[in-house]
Amino acid sequence: NDFPYNLDSSFFFSEVGSTFGPFEENNTFAVVKISAIKMMPDSVKARHILISATQPGDSTGYEKLDSLKTVIKAGGNFAELAKEHSDDVGSAVEGGDLGWFTQGTMVGPFNDACFNGNKGDLVIVQTQFGFHLIEIQDQAEKVKKVRLAKVALNITPSSETYDNVFAQVSQFY
């Protein structure tokens with residue numbers, strides 16, 4: 001939605017490597033290239049258990065979550081384990097439930113795990129908040145997502161153009 005309408009709709013009917021432009025946008029000339037196309041869920045429902053990072057490089061949180069993952073796979077109750085072990089007090093009281101969220105709502109690694117995974121996956125990821133054990137509970141219908149690379153160059157007058165305009169404006173005085 002950040003592009004002119006005639007370009008925006010074209011992205012979804014083109015192939016990886018297709019380029020568009022140049023076009024003028026916010027005092028720049030821009031060129032856009034499709035770098036990837038993927039079918040991804042529109043939104044995801046997930047829950048998690050967070051073990052906060054105490055120090056950089058400390059893997060204790062990962063090890064604890066790996067043990068909890070084994071317990072859950074053997075039939076353990078995710079919600080009860082979240083209430084007991086999660087450092088995210090806001091979601092822990094709800095059994096780790098984060099509800100439905102859209103792409104880009106969560107921090108990078110967490111977001112990627114949820115949108116690149118599949119329903120039922122148990123994934124451990126590290127973010128700036130610590131280690132998360134994520135259960136992807138559900139995913140909305142998959143839709144086409146397009147990743148774009150954009151190069152923009154500011155539009156600035158050459159010194160010759162500037163001098164000519166200055167000379168013309170000076171004649172008005």
Side-chain angles (χ1 to χ4, degrees), residues 1-3 7-20 30-152:
N1 292 331
D2 295 337
F3 293 95
L7 285 179
D8 195 336
S9 58
S10 299
F11 299 144
F12 293 95
F13 300 104
S14 300
E15 297 181 16
V16 172
S18 298
T19 57
F20 302 87
V31 176
V32 176
K33 181 177 181 178
I34 298 176
S35 61
I37 297 174
K38 190 172 185 179
M39 295 300 287
M40 296 180 77
D42 188 52
S43 57
V44 173
K45 184 177 194 292
R47 56 186 176 178
H48 80 136
I49 299 171
L50 169 68
I51 303 300
S52 297
T54 53
Q55 298 174 14
D58 183 11
S59 62
T60 332
Y62 180 89
E63 293 162 2
K64 183 174 182 178
L65 290 176
D66 192 44
S67 296
L68 292 175
K69 182 178 176 180
T70 303
V71 170
I72 292 165
K73 283 186 171 184
N77 185 309
F78 191 105
E80 290 303 317
L81 292 169
K83 288 177 185 176
E84 184 179 338
H85 297 282
S86 185
D87 292 333
D88 179 356
V89 293
S91 70
V93 295
E94 300 294 329
D97 187 15
L98 299 168
W100 287 92
F101 53 91
T102 56
Q103 178 95 17
T105 303
M106 303 297 180
V107 295
F110 193 104
N111 182 81
D112 294 347
C114 292
F115 284 87
N116 291 324
N118 296 305
K119 182 178 176 178
D121 285 355
L122 285 170
V123 185
I124 299 174
V125 296
Q126 184 177 12
T127 69
Q128 67 263 36
F129 302 108
F131 289 94
H132 306 258
L133 173 58
I134 305 167
E135 180 185 29
I136 302 171
Q137 294 180 289
D138 204 355
Q139 293 179 324
E141 183 178 339
K142 293 192 177 194
V143 295
K144 191 178 212 179
K145 301 280 185 166
V146 179
R147 183 178 4 186
L148 304 171
K150 178 180 173 185
V151 176

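Of the possible donor and acceptor atoms, none in the side chain of E94 sits under 3.5 Å from a partner among the backbone N and O of G99. In this structure, S18 contributes its side chain and E15 its backbone to a donor-acceptor pair below 3.5 Å. When atom types are taken as modelled, the side chain of K69 and the backbone of I124 share no donor-acceptor pair closer than 3.5 angstrom. The main-chain N or O of R147 is found under 3.5 Å from a side-chain atom of S35 such that the two form a donor-acceptor pair. Although no hydrogens or angles enter the test, the distance criterion places no donor-acceptor pair under 3.5 Å between the side chain of T102 and the main chain of S43.
For the pair M39 and K144, the minimum side-chain heavy-atom distance is below 4.5 Å. Residues L133 and K64 have side chains not in contact (no heavy-atom distance under 4.5 Å, counting atoms from C-beta outward). Counting only heavy atoms from C-beta outward, the side chains of K145 and D42 approach each other to under 4.5 Å. A 4.5 Å side-chain heavy-atom check between D88 and H132 finds every atom pair outside the cut-off. When side chains are defined from C-beta on, V32 does not count as touching T19, because their heavy atoms never get closer than 4.5 Å. No side-chain heavy atom of M106 sits under 4.5 Å from any side-chain heavy atom of D112.
Counting heavy-atom neighbours within 6.0 Å of Q128 CD, excluding the residue itself, gives a total above 12.
In this structure, L50 and F129 approach most closely via the heavy-atom pair CD1-O, 3.6 Å. Listed here is the closest heavy atom pair of S14 and I34: CB-CD1, 3.6 Å. Nearest heavy atom pair, residue A140 against residue P41, reads O-CB, 3.6 Å. When all heavy atoms are compared, the tightest approach of K142 to N118 is NZ-OD1, 4.0 Å. The two atoms that bring F110 and V125 nearest to each other are CA-CG2, 4.1 Å, heavy atoms only. Considering all non-hydrogen atoms of both residues, G96 and A82 come closest at N-CB, 3.7 Å.
Note on ring orientation: taking the six-membered ring where Trp is involved, the planes of F131 and Y62 are perpendicular (angle over 60°, cut-offs 30° and 60°).
Remark: E135 CD to D97 CG distance equals 10.0 Å, nearest 0.5 Å. Note that the CD1 atom of I49 and the CZ atom of F78 stand 4.0 Å from one another [nearest 0.5 Å]. One distance of note links OG of S86 with NE2 of H48; it measures 5.0 Å at 0.5 Å rounding. Considering CD1 of I72 and CG of L65, their distance stands at 8.5 Å, rounded to 0.5 Å. Atom CE in M40 sits 7.0 Å away from atom CZ in F115 (nearest 0.5 Å). Annotation: the span from I37 atom CD1 to F11 atom CZ amounts to 11.0 Å, rounded to 0.5 Å.
Here the options are L98, I134, T105, V123, the test is side-chain contact (heavy atoms from CB on, under 4.5 Å), and the partner is C114; only I134 passes.
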